[in-house]
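Inspection log for the structure reproduced underneath, given as structure tokens.
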Amino acid sequence: MENLMEENKFKQWLENEVGLKARSSRDVISRLKRANRFINVSLFLTSDHAIAELSHQPNFQELSYHTKSQLRRSIKFFFKFRDYNSIVNRISEKN
């Protein structure tokens, strides 16, 4: 995440819009940070591009199937949040 404010918005979105519990939302954020150690997730246009790049990282390939799945899931949530946030910002700019 780029900053603490963005991280808090993401956490709230995960809980309010996705329906995750507080602990699960913290886990998603933690996994997104872990994925960011392999690649800079926010530089990609889509989750598919980010996941493809992540999949090519040698250290990522060494992780368990379960861990890789969780990291991919966190990236997908991040991109859904980014899209949602973009739409909300455009609507608020019009009003």
Side-chain angles (χ1 to χ4, degrees):
M1 303 265 27
E2 295 172 19
N3 61 45
L4 185 59
M5 184 178 217
E6 185 81 3
E7 186 175 314
N8 288 335
K9 283 183 177 180
F10 185 41
K11 184 178 181 303
Q12 288 177 338
W13 178 82
L14 288 167
E15 292 171 10
N16 297 332
E17 300 298 323
V18 178
L20 298 182
K21 302 283 186 201
R23 181 173 178 190
S24 295
S25 66
R26 287 191 305 269
D27 288 344
V28 168
I29 290 169
S30 175
R31 291 177 184 125
L32 182 62
K33 288 178 182 179
R34 186 172 182 185
N36 266 313
R37 285 184 266 176
F38 293 103
I39 61 168
N40 187 341
V41 175
S42 63
L43 294 180
F44 293 89
L45 296 177
T46 68
S47 63
D48 290 341
H49 289 124
I51 290 169
E53 182 62 30
L54 180 66
S55 297
H56 287 78
Q57 302 301 310
N59 292 341
F60 176 79
Q61 294 172 2
E62 296 171 3
L63 299 174
S64 72
Y65 175 81
H66 182 70
T67 301
K68 289 189 278 192
S69 177
Q70 290 174 331
L71 295 179
R72 288 190 293 261
R73 180 175 180 250
S74 70
I75 290 172
K76 289 176 185 177
F77 276 139
F78 172 74
F79 278 89
K80 286 180 183 181
F81 165 73
R82 195 167 77 171
D83 292 344
Y84 173 86
N85 214 25
S86 176
I87 291 167
V88 168
N89 287 339
R90 276 188 252 140
I91 290 170
S92 65
E93 287 173 359
K94 289 182 180 180
N95 293 333

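Here, residue 1 is the first one in the sequence, and each next residue gets the next number. Keep in mind it's a predicted model, so treat the numbers as computed, not measured.
- Taken to the nearest 0.5 Å, the CD atom of Gln61 stands 9.5 Å off from the CG atom of Leu54.
- Nearest heavy atoms, Phe77 versus Leu20: CE1-CD1, 4.3 Å.
- Aromatic ring orientation, Phe60 versus Phe38: perpendicular (interplanar angle above 60°, classes split at 30° and 60°).
- Annotation: Lys76, atom NZ; neighbour count of heavy atoms from other residues, nucleotides and ligands within 6.0 Å does not exceed 12.
- Between Phe79 and Val41, some side-chain heavy-atom pair lies under the 4.5 Å cut-off.
- Distance CZ/Arg34 to CG/Leu71: 6.0 Å, rounded to 0.5 Å.
- For Asn85, the side chain to side chain contact (heavy atoms under 4.5 Å, CB included) criterion is met by Glu6, Phe81, Asn89, not counting sequence neighbours.
- Evaluation of the side chain to side chain donor-acceptor pair (under 3.5 Å) rule for Asn8 yields no partner, not counting sequence neighbours.
- Pairs of residues two or more places apart, or lying in two chains, that qualify as salt bridge (charged side-chain N to carboxylate O under 4.0 Å, His left out) and include a residue from residues 9-19 are Lys11-Glu15.
- Note that the CG atom of Leu63 and the CD atom of Gln70 stand 10.5 Å from one another [nearest 0.5 Å].
- Considering CZ of Phe10 and OG of Ser25, their distance stands at 9.0 Å, rounded to 0.5 Å.
- With a 4.5 Å cut-off on side-chain heavy atoms, Phe78 and Ser42 count as touching.
- Annotation: the span from Ile91 atom CD1 to Ser86 atom OG amounts to 10.0 Å, rounded to 0.5 Å.
- Going from atom CZ of Arg26 over to atom CG of Leu14 covers 12.0 Å, rounded to the nearest 0.5 Å.
- Asp27 meets the side chain to side chain contact (heavy atoms under 4.5 Å, CB included) test with Arg23, Arg31; sequence neighbours excluded.
- The side chain to side chain contact (heavy atoms under 4.5 Å, CB included) check on Ser64 picks up His66, Thr67, with sequence neighbours excluded.
- Taking the side chain to side chain contact (heavy atoms under 4.5 Å, CB included) definition, one finds that Ser69 meets it with Arg72, sequence neighbours left out.
- Counting only heavy atoms from C-beta outward, the side chains of Glu53 and Gln57 approach each other to under 4.5 Å.
- Minimum interatomic distance between Ala50 and Ile75 (heavy atoms only, all atoms of both residues): CB-CG2, 4.0 Å.
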